[in-house]
Every structure is written in C-alpha cells, then in structure tokens.
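Here the structure comes first, spelled out in structure tokens, and everything after it is commentary.
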Amino acid sequence: MRVNATEDGLKAGEPEIFLQTAANETYPSFSPDGRWIAYITDETGQPNVYVQPFLRAGGKYRISPNGGRNPHWRADGKELFYLDAAGAMTAVSIDATDTFVAGSPETLFPAGVVSANRMYDVTRDGQRF
C-alpha cells in the first residue's frame, strides 16, 4: 500500500510504501484524526478489515471476523463501517482515545452489495448510508 506521508501526516509528492507484505492490502481509509488506517488484506485467504496505527508503533487489529470489505470511518472516529462477506452493512464501535479498542461487529442491514469498490458513503453522524 502506497501513501504520501510524513510523521506529521500526509504530504504532497511521491507516494512511499507504508505497508508491504506477501498479501494484497487495498482500500485504505484514514481515521478522521489521521492516527489510524483501516484497510483490507487477504492474508487469511479471504478479504478482512484491519486497523493499525499510521506512522506510529503498534500492532494491527482485525475488525471483521469472517470477511469484510470497504471500511469507512464515522466522522468522529468512534465507529467503523464495512460490508461483511454476505454484503451486509456492519458497524464496529471504536475507542482509540488512549489505546485501540474495537467492539463486536453488529449487522445493521443487508446492503446486497459485495464489491471490491467503495460503493457507499455515510453521513457524519453515521445514521444514513
């Protein structure tokens, strides 16, 4: 995954490699405060959503237990949305105040969309898609 970055955040110029493994990492989504990056990786054999610190030390956190795509942060960073393997819109509460703590995924509604492309957006309050 390539991004334009410095330790203070994003910058203009040539992209640099942020994450490179044998798996495919795609569709990065930065938290509103720029401290975290959600992305898809197929390292387990199926696409799943993970979050890890951006340009800081720390581990990565698996968000989707059984497949997931298209991560998108709520505007306040307290929730992460994604489409599960069946195409249902799913929400996970996030507390990244001091450390990173993710709640259990909750199915919101069947979206009927299973796509590698980000095919939705969410309002700032996370109430409409």
Point-to-point distance, once rounded to the nearest 0.5 Å, from [atom1] of [X] to [atom2] of [Y]:
X: H72; Y: F81; atom1: NE2; atom2: CZ; value: 8.5 Å
X: E106; Y: E79; atom1: CD; atom2: CD; value: 8.0 Å
X: T26; Y: D42; atom1: OG1; atom2: CG; value: 7.5 Å
X: I37; Y: W73; atom1: CD1; atom2: CH2; value: 10.0 Å

Applying side-chain contact (heavy atoms from CB on, under 4.5 Å), name anything that partners [X], two or more places apart in sequence or on another chain.
X: S104; answer: none
X: P105; answer: P65, Y82, T90, V92
X: Q46; answer: T44, N48, R62
X: K60; answer: Y39, E43, Y50, Q52

statement: Smallest heavy-atom separation, A38 atom then P71 atom, equals CB-CB, 3.8 Å

Indicate every side-chain donor-acceptor pair of residues 94-103 with a distance under 3.5 Å to a residue at least two apart or in another chain.
unit_1	atom_1	unit_2	atom_2	d
D95	OD1	T97	N	3.1
D95	OD1	T97	OG1	2.7

With heavy-atom distances below 4.5 Å as the criterion, would you say the side chains of [X] and [Y] are in contact?
X: S64; Y: D84; answer: no
X: M89; Y: L83; answer: yes
X: V49; Y: I40; answer: yes

query: Side chain of T123, backbone of R128: donor and acceptor closer than 3.5 Å?
result: yes

query: Got a sec, which residues hit salt bridge (Lys or Arg N to Asp or Glu O under 4.0 Å) with D76, two or more places apart in sequence or on another chain?
result: R74

